[in-house]
2 protein chains.
Amino acid sequence: MAPTHDPQLLKGVLSLLLLRLLAERESYGYDIVQRLRALGLSDISEGSVYPALARLEREGRVQTRLVASRSGPARKYYRPTAAGTRALAEGTTSWLSLVAVVHPVLVRRPPDPPTSPEDT
Amino acid sequence: MAPTHDPQLLKGVLSLLLLRLLAERESYGYDIVQRLRALGLSDISEGSVYPALARLEREGRVQTRLVASRSGPARKYYRPTAAGTRALAEGTTSWLSLVAVVHPVLVRRPPDPPTSPEDT
DNA sequence: CACCACTACTTGACATCGCCAGGTACCTGG
DNA sequence: CCAGGTACCTGGCGATGTCAAGTAGTGGTG
């Protein structure tokens, strides 16, 4: 079964992921997309990442520098600022809080599914 | 400290929560709002819940019935349909998948300024 | 009786943000 | 020169949470 990936579920979490990945290692958009996919977010699209990165920069959470590449156009490397690191910490707290609320609710025993138990 | 509740993080999860709460016990909008708040989502607003409930109904995931009340206007009780139960199961899987990807990334040790390459 | 608070539900305008599609540009190899 | 991979950006769209305001029924208070 496909994960039936709901775009909505990613809302807000993406920028957190971006900040985190950038905090672990400075990198550029194209690379971030690949790292995200390698992490399991195979459906992630560039059209989500680049705008998110741009937003982060506009908000002063990351800073950039251009670095020429041997295999294509110049890469724009992103790195979190102090504000970005702070935002990451706060966002992580929010995420954890949400998970702490949602998870226990969703993971209780199934409440008598009135349908066939053999759905595949 | 304030939970710094990011509205975006709730996207998509709310309908899942509603479906789950409804699966556990048939109830009406106003009651759902209270249950959500009791669960810790204190910032949830009616303006989020009612439209979400209406959407769920429009999508055939819940069915409703009106019940007169002695303490105010009639209550609209919601209850998941078979499709709703199915959607709940699928949505829960999606949520779990997302958490499985996001959580480990966010919960690694706090990133110091990326300057020590001697980290294992 | 008028007014207000609480219960309940609905709706419209608004903002955010991921996605799709399309576009620009650089570089290497045939 | 062309094809294809690398790399980045933008416009328009759609989904959905929030705010604010509106409609209504019920009961308590002055």
Side-chain angles (χ1 to χ4, degrees), chain A residues 3-19 27-37 41-59 61-62 64-78 87 91 94 98 101-102, chain B residues 3-19 27-37 41-59 61-62 64-78 87 91 94 98 101-102:
Chain A
T4 315
H5 170 247
D6 267 312
Q8 301 305 327
L9 289 178
L10 200 54
K11 295 260 173 169
V13 192
L14 180 58
S15 53
L16 230 41
L17 248 17
L18 258 23
L19 241 18
S27 63
Y28 52 99
Y30 196 80
D31 179 54
I32 285 284
V33 172
Q34 324 261 331
R35 288 168 71 186
L36 249 14
R37 290 194 173 135
L41 296 173
S42 38
D43 295 330
I44 203 75
S45 81
E46 300 183 6
S48 303
V49 175
Y50 285 116
L53 248 14
R55 167 169 287 287
L56 250 19
E57 183 179 15
R58 201 178 315 128
E59 294 169 341
R61 305 206 162 135
V62 296
T64 67
R65 65 192 176 102
L66 279 176
V67 176
S69 166
R70 201 122 298 281
S71 59
R75 296 165 173 172
K76 195 182 215 171
Y77 279 85
Y78 292 80
S94 294
L98 182 69
V101 168
V102 174
Chain B
T4 316
H5 171 247
D6 266 313
Q8 301 305 328
L9 290 179
L10 200 53
K11 297 254 173 168
V13 193
L14 181 58
S15 52
L16 230 42
L17 247 18
L18 296 183
L19 241 18
S27 63
Y28 51 99
Y30 196 79
D31 179 53
I32 284 286
V33 171
Q34 325 256 333
R35 288 168 71 187
L36 250 14
R37 289 194 173 135
L41 296 173
S42 38
D43 296 331
I44 203 73
S45 81
E46 300 184 5
S48 303
V49 175
Y50 286 115
L53 247 16
R55 189 155 38 245
L56 250 19
E57 183 179 15
R58 200 179 315 128
E59 295 168 342
R61 304 208 216 268
V62 297
T64 67
R65 63 191 178 100
L66 280 176
V67 177
S69 167
R70 285 176 297 103
S71 59
R75 297 165 174 171
K76 196 182 216 172
Y77 279 84
Y78 292 80
S94 293
L98 182 69
V101 168
V102 174

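Fair warning: this is a prediction, and the values are worked out from it, not measured in the lab.
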On the nucleotide [N], are OP1 or OP2 found under 4.0 Å from the side-chain N or O atoms that [X] carries?
{"X": "R55(A)", "N": "dC17(C)", "result": "yes"}
{"X": "S45(B)", "N": "dG17(D)", "result": "no"}
{"X": "S69(A)", "N": "dA7(D)", "result": "yes"}
{"X": "Y50(B)", "N": "dT10(C)", "result": "no"}
{"X": "Y30(B)", "N": "dC9(C)", "result": "no"}

Practice item. Give a yes or no on whether the backbone of S45(B) and the side-chain of Y50(B) come within a donor-acceptor separation of less than 3.5 Å. Key: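 Pair absent, no side-chain N/O of Y50(B) close to backbone of S45(B).
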Side chain of [X] - closest among [options]:
{"X": "P73(A)", "options": "dC9(D), dT10(C), dT6(D)", "result": "dT6(D)"}
{"X": "Y28(B)", "options": "dA8(C), dA7(D), dT16(D)", "result": "dA8(C)"}
{"X": "P51(A)", "options": "dC9(D), dA8(C), dT10(D)", "result": "dT10(D)"}
{"X": "K11(B)", "options": "dA15(D), dT6(D), dA8(C)", "result": "dA15(D)"}

Check your understanding: Relative to the 5' end of DNA chain C, which residue comes earlier, E46(A) or P7(A), by the nucleotide with the nearest heavy atom?
Key ->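 Per heavy-atom nearest nucleotide, the more 5' residue is P7(A).
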Could you check whether [X] gets within reach of a base, just the sugar-phosphate, or nothing at all, counting any heavy atom under 4.0 Å?
{"X": "A74(B)", "result": "sugar-phosphate"}
{"X": "G47(A)", "result": "base"}
{"X": "L14(B)", "result": "sugar-phosphate"}

Point to revise | Value rounded to 0.5 Å, distance of OH in Y78(A) from OG in S27(A) | key: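 Those atoms lie 10.0 Å apart.
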Point to revise | Side-chain donor/acceptor contact of K76(B) with base of dC9(C) under 3.5 Å | key: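 Answer no: no donor N or O sits under 3.5 Å from an acceptor.
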Review point. Quick one: does T64(A)'s side chain get under 4.5 Å of L53(A)'s, heavy atoms only?
Key: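 No. Closest side-chain heavy atoms not under 4.5 Å.
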Review point. If you measure from the Lys or Arg side-chain nitrogens to the Asp or Glu carboxylate oxygens, is any gap between R55(B) and E59(B) under 4.0 Å?
Key: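 Salt bridge: no.
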Exercise for review: Mind running side-chain contact (heavy atoms from CB on, under 4.5 Å) on L41(B) and L17(B) for me, showing each step along the way?
Suggested key: CA-CA 11 Å; L41(B) 296 173; L17(B) 247 18; 3.8 Å; yes
